[in-house]
Amino acid sequence: MNAIAPGMILTNFSRHNFTDADGNVVPEKLDQIPQARRAMAPLGRAGEAEDVARAFLYLVSERPRS
């Protein structure tokens with residue numbers, strides 16, 4: 001059995017907290033996220049919806065795994 005349990009993901013709902021008026025991610029705003037939360041993230045950063053989608057596609061694919 002497999003599962004996907006994403007942590008902090010930048011979505012349309014949360015992105016406004018970390019971007020400027022043009023929609024660009026502002027690293028200084030991301031730096032405000034507590035260090036402990038970032039340390040728990042395998043990527044060491046907030047994830048994107050695409051990261052979750054790729055994990056899902058990998059798990060449902062029929063490609064043989066070695």
Side-chain angles (χ1 to χ4, degrees):
M1 183 181 295
N2 295 304
I4 298 173
M8 181 177 41
I9 302 294
L10 293 177
T11 64
N12 290 339
F13 182 75
S14 65
R15 186 174 298 279
H16 72 277
N17 293 308
F18 308 108
T19 57
D20 60 17
D22 295 326
N24 301 311
V25 173
V26 178
E28 293 79 22
K29 289 186 177 185
L30 286 175
D31 287 342
Q32 296 173 359
I33 298 168
Q35 182 65 28
R37 250 180 113 183
R38 280 196 314 234
M40 292 186 325
L43 297 174
R45 63 170 175 79
E48 298 276 346
E50 186 174 317
D51 298 325
V52 178
R54 288 179 186 269
F56 177 80
L57 290 173
Y58 173 78
L59 291 175
V60 300
S61 72
E62 293 186 22
R63 286 190 352 202
R65 296 169 190 30
S66 47

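Partners of Ile9 under the side chain to side chain contact (heavy atoms under 4.5 Å, CB included) rule, at least two apart in sequence or in another chain, are Pro6, Thr11, Val52. For Glu28, the salt bridge (charged side-chain N to carboxylate O under 4.0 Å, His left out) criterion is met by no residue, not counting sequence neighbours. For the side chain to side chain contact (heavy atoms under 4.5 Å, CB included) test, residues two or more places apart in sequence or in another chain that qualify with Val25 are Leu10, Arg15, Thr19, Leu30.
For Asp22 (side chain) and Asn24 (main-chain N/O), no donor-acceptor pair under 3.5 Å exists by modelled atom type.
Interatomic distance, OH of Tyr58 versus CG of Asn2, reported as 8.5 Å (0.5 Å rounding). A distance of 10.0 Å separates CG in Leu57 from CD in Glu50, rounded to the nearest 0.5 Å.
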